[in-house]
Amino acid sequence: MYNTTINRIWQKMLSWFIILRNLHIISAEILGIKETLPPYLDPNLKVEDLLTGVCFASAGSGYDHLTVEIASVLSVEDQLNMFKGYIGKLKAAVGEARTALILAKSIFIISMGSNDIAGTYFMTSFRREYNIQEYTSMLVNISSNFLQELYKFGARKIGVVSLSPIGCVPLQRTIGGGKERDCVESINQAATVYNSKLSSSIMALNKKLSEARLVYLENYSEFNKLIQHHKQFGFEVEDSACCGPGPVCNSLSFKICEDATKYVFWDSVHPTERTYNILVSDIVKKNIHKFV
Ligand SMILES: *[C@@H]1O[C@H](CO)[C@@H](O)[C@H](O)[C@H]1NC(C)=O
Ligand SMILES: *[C@@H]1O[C@H](CO)[C@@H](O)[C@H](O)[C@H]1NC(C)=O
């Protein structure tokens, strides 16, 4: 019984994790109710959708406003403003008290930062006046303020996903990995510097915000292990994408592999569904109890 429930929770977490980036809000009540979270900006959104969780994600976003400008996406502030709008609608639908309860019981997942580091810092020269220590501190400061804002609005259970070995994605291997298509160690190193600051910042915030249950969701080591030992996981190709060669799989892509389950990466930045299944199961298994 316990196992079935946990499996169902995993299934649901899977869709949240796969579909969502940036700021996602989900209601713990919905576990087992809906498969994916609708975007908050969906014009057909119904009250039930508000009650059971929506998604404020903007693919390609980041903490750094330059990342947001480069990718023309919604910023942290934009997403917070949508969240305020969401709260207003929720209050109108179910009243103040129930809204506060829903917010306090919901799990929020934030996944952001890889485009700041892999994109803005390493692929453009706009932020080179900072060294990586300074730049990662700046990002973590923004993240910390963001978390405190969410807390002020009533969020309590918030999971923040760490960066993964972003120097190992096919795109970075092509640019900086040489003939062997190695991982780019400087980028992986930057991701680990960022992760350790993020983890400390979350610990500090848990002390500062008495009712908070902030959880650092580690997403580096399992993915690293999967890349380094991909054969043991049943993958054949870890250094190039199933669909390529562009950064995303689209109509201009001239190659699509026959069997995506043999590839770690779907396109030159994003993993395949099979990879996500492995990673998300691992994250959920290790962390779900921390939100309770
Ligand atoms: C974990 O890392 C992978 C690989 O970079 C990434 O695609 C995925 O979005 C990350 N998971 C979450 C929940 O952010
Ligand atoms: C981050 O915040 C801390 C304390 O709030 C401050 O000491 C530090 O200078 C800030 N770092 C950056 C890069 O803004």
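Just follow the structure's listing: the first ligand is 1, and inside any ligand the first atom is 1.
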Item to check | Residue portion contacting ligand 1 (non-hydrogen atoms closer than 4.0 Å) for Pro271 | outcome: side chain
Checklist entry - Phe83 vs Phe108 aromatic rings, parallel, tilted or perpendicular, using cut-offs 30° and 60°? => result perpendicular
Next on the checklist: Which of the numbered atoms in ligand 1 are under 4.0 angstrom from any heavy atom belonging to Asn219?
Outcome noted: 1 (C), 2 (O), 3 (C), 8 (C), 10 (C), 11 (N), 12 (C)
Checklist entry - Can you pull the side-chain hydrogen bond (donor to acceptor under 3.5 Å, both in side chains) pairs that have at least one residue in residues 169-179, sequence neighbours excluded? => result Thr174-Arg181
Checklist entry - Which of parallel (below 30°), tilted (30 to 60°) and perpendicular (above 60°) describes Tyr130 and Tyr135? => result tilted
Checklist outcome for this item: For Phe223, the atoms of ligand 1 under 4.0 Å from one of its heavy atoms are 4 (C), 5 (O)
Next on the checklist: With disulfide (SG to SG under 2.5 Å) as the rule and sequence neighbours excluded, what pairs involving residues 92-161 come up?
Outcome noted: none
Checklist entry - Counting from 1, what ligand 1 atoms have a heavy atom of Val161 closer than 4.0 Å? => result 12 (C), 13 (C), 14 (O)
